[in-house]
Student: 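First, the structure itself, so that you have it in front of you.
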Amino acid sequence: MHQVVYNANKLACIAAEKKKLINWHVYYQNKYERNPSKRPTTRTGFLGFLGNKVDAIDHYTAIIDNLSKQEAEERESIINNPNAVIPAAFVSFKTRWAAAVCAQTQQTSNPTIWLTEWAPEPRDVFWENLAIPYFDLNMRRLLMAVALFFLTFFFMIPIALVQSLANIEAIEKVLPFLKPIIEKPSIKSVIQGFLPGLALKIFLIMLPKILMTMSKMEGITSLSGLDRRSASKYYLFVLVNVFLGSVITGTAFQQLGQFINQPSTEFTKTVGSTIPMKATFFITYIMIDGWAGIAAEILRLAPLITFHVKNTFLVKTEQDRQNAMDPGSLEFATSEPRIQLYFMLGHVYAPVTPFLLPFIVVFFAFAYMIFRHQIINVYNQQYESGGSFWPDIHGRVISGLIISQILLMGLLSTRGTDKSTLVLIAQPILTLWFHRYCKGRFESAFVKFPLEEAMVKDTLERAVEPNLNLRIYLQDAYVHPGFKGDDFQKPAIIDDEENNPLIQTTRASRRGSKPESDSETGSY
């Protein structure tokens, strides 16, 4: 069987607005039932504070009826409009073996038509991006790559200002009237130790939403894909701004003259020589961002406060209360890059300042216990990735190793050990070779579904559950949420799919998350 994809983004907006108004209608209806002697009222203007005063129940009933008519008209328009049909479909097979063959092979001699890939599981689909054409996808990715470059580059300006706070002499030179205050031991320790890391953390709080919005604009069609792409952006950002930015700009007042006069080949030596000078800052950053972040994760003070605020001012119905109590899912796009940053800091400072390593070991020990508890007992599972995240994580581990090796060579070159530096050149080369070897040998295990495993599962399923019928589940699994729960003419179940003509498509071949092992769904 198959399910054609429709461009129903406008219908989804109408359904979301209707759902919000139904919630208000339920609130006023409950209010009237508690006090039947007085009909609740509201105003028709901005947020119910301005405009004419009207009966709230009748007002929302009329608006909901109007939206229901718009919803029905839009649904009818989508069904009858050929342009609303997207050249893509979710195709379900009778066996896992057939789905694996179709999803992992080229179907025609022309590689631009009838592209196939594994479909995300139903709860993993990001429906808003399914309607984006192939050409637009490539243009969007190009624009977002340029935007990420400028975001990363211009963010260095506030980072430089924050890191300059750690230099007391520079502050006293620029603002001499603050010298009596800054020279106090308590104030001086706060400025040099605590304030830079805290300010940097505040700057980074608003970053994940920006990066997630950029990933959505790229046209990725699965929630797991959005998390993976946002995690890559976030790691690149913290690598450039938190690590390299802190190392370079943190000692800018001392190194500025050298940066201007040195040739570009001396960059590695300059950065390597500043690494030991920033060990104190990174110890502070690990304690503020790492230790305190883990403590905040287990205490969940922010969600607790948010719940009570919502429960006091925003909760109107039982549905609102359930939404306010929802713990959400693990924020992989920010948690994983943070952990990998600390992993890279351990590699960089292990041969330079080993005193930093216990702080990182303590962080990883607590992070393992707390995140394990949160994932099992607190967070909801938003999707099943099937191990497809590991190639990205492995690549970032390798990049961290190479960066630490290059910086170690730069540091040793400043200590008069040029011969050992020449020997260490082999390290990053061997590391790159190891990465290519692992990628060639093992990456397919995380992005493809083996036919042997598919055949074994199919044979076992036929023996254990010979009467299993997934059609009841699959016929509604990949229907757009805007059509669910309504009378919608679904495509007829086709037993013999291979007898139907091929459907050409210009859809991009994009790798989504691999389906669960029990899924039998591909897409083209």
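No hydrogens, no waters, no symmetry mates; every other heavy atom, side chains included, goes into these values. None of the values given here were measured: they were computed from a predicted structure.
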Student: Taking everything shown except Ile472 itself, do over 12 heavy atoms lie less than 6.0 Å from its CD1?
Tutor: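 Open: at most 12 neighbouring heavy atoms sit under 6.0 Å from CD1 of Ile472.
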Student: Minimum heavy-atom separation for Ile402 and Pro428, please, with both atom names.
Tutor: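 Between these two residues, the closest heavy atoms are CG2-CB, 4.2 Å.
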Student: Arg338 versus Val238: any side-chain heavy-atom pair under 4.5 Å?
Tutor: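 Side-chain contact under 4.5 Å: no.
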Student: Is Met214 close to Leu151 at the side-chain level, that is, under 4.5 Å between some pair of heavy atoms?
Tutor: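 They are in contact (side-chain heavy atoms under 4.5 Å apart), so the answer is yes.
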Student: Given Trp97, which partner from the list Glu452, Glu453, Met455 fulfils the side-chain contact (heavy atoms from CB on, under 4.5 Å) test?
Tutor: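 Single side-chain contact (heavy atoms from CB on, under 4.5 Å) partner of Trp97 among Glu452, Glu453, Met455: Met455.
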Student: Thinking salt bridges, do Lys457 and Glu461 make one under a 4.0 Å N-O criterion?
Tutor: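 Not counted as a salt bridge, because no side-chain N and carboxylate O are separated by less than 4.0 Å.
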Student: Could you go step by step and tell me if Gln107 and Thr105 meet the side chain to side chain donor-acceptor pair (under 3.5 Å) rule?
Tutor: CA-CA 6 Å; Gln107 308 303 314; Thr105 56; 2.9 Å; yes
Student: So which atom in Tyr235 and which in Leu341 form the shortest heavy-atom distance, rounded to 0.1 Å?
Tutor: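 In terms of heavy atoms, the two residues are closest at CE1-N, 4.2 Å.
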Student: Give a yes or no on this: more than 12 heavy atoms of other residues, nucleotides or ligands lie within 6.0 Å of atom CZ of Phe332.
Tutor: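 More than 12 heavy atoms, drawn from other residues, nucleotides or ligands, come within 6.0 Å of this atom.
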Student: Can you check salt bridge (charged side-chain N to carboxylate O under 4.0 Å, His left out) on Arg229 and Glu218, steps first, answer last?
Tutor: CA-CA 10 Å; Arg229 188 62 62 89; Glu218 289 185 22; 2.3 Å; yes
Student: Can you give me the closest heavy-atom contact between Gly346 and Leu357, atom names plus distance?
Tutor: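 The answer is O-CD2, 3.5 Å.
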Student: What class does the angle between the rings of Phe364 and Phe343 fall in, given that below 30° is parallel, 30 to 60° is tilted and above 60° is perpendicular?
Tutor: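 Phe364 and Phe343: perpendicular rings.
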Student: Below 6.0 angstrom between ring centroids: does that apply to Phe359 and Tyr342?
Tutor: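 Here the rings of Tyr342 and Phe359 have centres that are no less than 6.0 Å from each other.
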Student: On a heavy-atom basis, which atom in His394 and which in Phe434 lie closest, and how many Å separate them?
Tutor: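 Minimum heavy-atom separation between His394 and Phe434: NE2-CE2, 4.3 Å.
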Student: So, for Ala292 and Ile288, which heavy atoms are closest and what is the spacing to 0.1 Å?
Tutor: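 Closest approach of Ala292 to Ile288: CB-O, 2.9 Å.
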Student: When you look at CZ of Arg300, are more than 12 heavy atoms from neighbouring residues, nucleotides or ligands closer to it than 6.0 Å?
Tutor: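 Result for CZ/Arg300: enclosed.
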Student: Determine whether Leu148 and Leu211 make a side-chain contact, defined as any pair of heavy atoms from C-beta on separated by less than 4.5 Å.
Tutor: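 Contact flag for Leu148/Leu211 side chains = yes.
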Student: Please determine whether a side-chain nitrogen of the Lys or Arg among Glu71 and Lys18 lies less than 4.0 Å from a carboxylate oxygen of the Asp or Glu.
Tutor: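 Salt bridge flag = yes for Lys18 with Glu71.
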Student: Under 3.5 Å, is there a donor on one side chain and an acceptor on the other for Gln322 and Asp326?
Tutor: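 Checked: Gln322/Asp326 side chains show no N/O donor-acceptor pair below 3.5 Å.
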Student: Please check if the side chain of Gln104 supplies one atom and the backbone of Phe449 the other of a donor-acceptor pair under 3.5 Å.
Tutor: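 At least one qualifying donor-acceptor pair exists.
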Student: Distance-only, no hydrogens or angles: does the Ser230 side chain make a donor-acceptor pair with backbone N or O of Asp227 under 3.5 Å?
Tutor: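 No, Ser230 side chain to Asp227 backbone: no donor-acceptor pair under 3.5 Å.
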Student: Does Arg228 count as lying over the ring of Phe389, i.e. NZ or CZ under 6.0 Å from the six-ring centre, within 45 degrees of the axis?
Tutor: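 Yes, a cation-pi geometry.
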Student: For Tyr379 and Ser329, which heavy atoms make the closest approach, and how far apart are they?
Tutor: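 Smallest interatomic distance, heavy atoms only, reads CD2-C, 3.7 Å.
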